[in-house]
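The next block holds one structure in the form of structure tokens; read it before the comments.
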Amino acid sequence: MNTIQDSRIAKTKLFFEQRLNFLAKLSKEIASTIKSAKKKEMEAVFRPNLTSDLMWEDIKFEDGETILDKFPETQFYDYTKSFGRMAQFINGELPSNYHLTFSASENNQKLVEMVLQMGGNVAVVFRNQLPKTWKGIEVINGDENDLRFLDKKGVIVGLIEKGRAKKDETGFVQEGVNS
């Protein structure tokens with residue numbers, strides 16, 4: 001394993017074994033990053049779930065606040081495969097500084113259609129190229145940046161396959177053909 005994997009494992013263990021210590025450390029890191037970004041005349045934004053789908057809107061400090069509550073002026077964003085969370089986001093039931101994009105998979109096409117009908121955005125992985133439309137919905141290039149909270153509503157966030165997805169045959173990766 002490399003040091004990045006080792007660090008991720010250590011953080012995961014800390015999250016599950018010493019949640020409050022993890023949250024205190026995370027809070028300090030976020031505050032430090034915000035301060036550093038301001039010095040550079042930049043704005044810090046955070047994507048807490050990189051390889052997980054944790055419900056940050058429900059993870060609380062001892063005082064009952066979430067990380068989203070602690071930094072109300074800071075933009076947080078994530079991808080999720082949870083239809084329930086996505087519906088809450090679309091209905092305005094999540095904190096206003098937290099943006100979600102639904103992730104399509106090989107077995108959630110009905111949920112994808114529902115999210116799109118509700119006006120949410122859906123990330124879809126395509127093989128080789130991005131189509132202009134997918135299932136009649138505009139496709140935007142999600143590989144240009146990861147700032148999903150800047151995307152207009154009701155679009156497909158197209159991503160070109162990478163890594164193991166290049167060999168995917170499960171239906172997760174869609175053919176990059178206009179439809």
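The number of heavy-atom neighbours closer than 6.0 Å to CD of Glu73, taken from other residues, nucleotides and ligands shown, is 12 or below. Residue Lys162 qualifies as enclosed at atom NZ: its count of foreign heavy atoms under 6.0 Å is above 12. Atom CD of Gln109 sits in a crowded spot, with more than 12 heavy atoms from other residues, nucleotides or ligands closer than 6.0 Å.
Taking 4.0 Å as the cut-off between side-chain N and carboxylate O, Arg127 and Glu175 count as a salt-bridged pair. With respect to Lys152 and Glu138, a salt bridge is recorded, a charged nitrogen being found less than 4.0 Å from a carboxylate O. The residues Glu57 and Arg85 are annotated as salt-bridged, a charged nitrogen and a carboxylate oxygen being separated by less than 4.0 angstrom.
Phe46 and Pro48 get closest at one heavy-atom pair: O-CD, 3.4 Å. Across all their heavy atoms, Asn121 and Asp151 have their closest contact at ND2-CB, 3.6 Å. Annotation for Met86 and Gly120: closest pair CE-CA, 4.2 Å, computed over non-hydrogen atoms. Here the shortest heavy-atom pairing between Leu159 and Ala123 reads CD1-CB, 4.2 Å. Of all the heavy atoms in Gly158 and Leu130, the pair that sits closest is C-CD2, 3.5 Å. Shortest non-hydrogen contact noted between Trp56 and Thr66 is O-CB, 3.7 Å.
Note on Leu147 and Ile140: separate hydrophobic clusters, where clusters join Ile, Leu, Val, Met, Phe, Trp and Tyr whose side-chain heavy atoms are under 4.5 Å apart, directly or indirectly. Criterion: ILVMFWY side-chain heavy atoms under 4.5 Å apart, direct or through other members. Under it, Val139 and Phe172 are not part of a common hydrophobic cluster. The hydrophobic clustering, which links ILVMFWY residues whose side-chain heavy atoms are closer than 4.5 Å, places Ile59 and Phe16 together. By the rule that hydrophobic residues join a cluster once side-chain heavy atoms approach within less than 4.5 Å of another member, Leu54 and Leu94 end up as members of one cluster.
Between atom CD of residue Glu65 and atom CD1 of residue Ile67 there is a gap of 9.5 Å, rounded to the nearest 0.5 Å. For the atom pair Gln5 CD and Thr3 OG1, the distance stands at 9.0 Å (nearest 0.5 Å). In this structure, the separation between OG1 on Thr101 and CZ on Arg47 is 9.0 Å, given to the nearest 0.5 Å. Leu68 CG to Lys60 NZ: the interatomic distance, rounded to the nearest 0.5 Å, is 10.5 Å. Here CG of Leu116 is found 14.0 Å from NZ of Lys153. Values are rounded to the nearest 0.5 Å. How far CZ of Phe83 is from NZ of Lys110: 13.0 Å, rounded to the nearest 0.5 Å.
Here the side chain of Asn91 pairs no donor or acceptor atom with the backbone of Glu93 at under 3.5 angstrom. For the pair Asn97 (side chain) and Thr74 (backbone), a donor-acceptor distance under 3.5 Å is present. Within the 3.5 Å criterion, the main-chain N or O of Lys38 finds no donor-acceptor partner in the side chain of Glu41.
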**OP:** Under the side-chain contact (heavy atoms from CB on, under 4.5 Å) rule, what do Ile160 and Val125 come out as? Steps first, then yes or no, please.
**Re:** CA-CA 6 Å; Ile160 298 292; Val125 178; over 6 Å; no
**OP:** Given side chain to side chain donor-acceptor pair (under 3.5 Å), test Asn49 with Ser52 step by step and report yes or no.
**Re:** CA-CA 5 Å; Asn49 287 319; Ser52 60; 2.7 Å; yes
Subject >> side chain to side chain donor-acceptor pair (under 3.5 Å) evaluation trace for Asn107 with Ser105 >> reply: CA-CA 5 Å; Asn107 58 10; Ser105 70; 2.8 Å; yes
Subject >> side-chain contact (heavy atoms from CB on, under 4.5 Å) between Val173 and Phe126, worked out >> reply: CA-CA 5 Å; Val173 177; Phe126 292 96; 5.6 Å; no
Original post:
Between Met55 and Asp78, is a side-chain contact (heavy atoms from CB on, under 4.5 Å) present by the stated rule, with each step listed?
Top reply: CA-CA 10 Å; Met55 297 176 12; Asp78 275 319; over 6 Å; no
**OP:** Could you give me the CA-CA distance, side-chain angles and deciding distance for Asp6 and Lys11, then say whether salt bridge (Lys or Arg N to Asp or Glu O under 4.0 Å) is met?
**Re:** CA-CA 9 Å; Asp6 290 342; Lys11 286 179 181 178; over 6 Å; no
**OP:** Test Asp53 against Tyr79 for side chain to side chain donor-acceptor pair (under 3.5 Å), laying out the working first.
**Re:** CA-CA 8 Å; Asp53 200 352; Tyr79 294 84; over 6 Å; no
Side-chain donor/acceptor pairs under 3.5 Å, residues 19-32, sequence neighbours excluded:
residue	atom	partner	partner atom	Å
Arg19	NE	Phe15	O	3.0
Asn21	ND2	Gln18	OE1	2.7

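If you look at His99 and Phe89, their ring centroids are closer than 6.0 Å.
No side-chain heavy atom of Leu100 sits less than 4.5 Å from a side-chain heavy atom of Tyr77. Residues Phe71 and Phe76 meet the side-chain proximity criterion, which asks for heavy atoms closer than 4.5 Å.
The side chain to side chain contact (heavy atoms under 4.5 Å, CB included) with Phe102 is formed by just one residue from the set Val157, Ile90, Leu111; it is Leu111.
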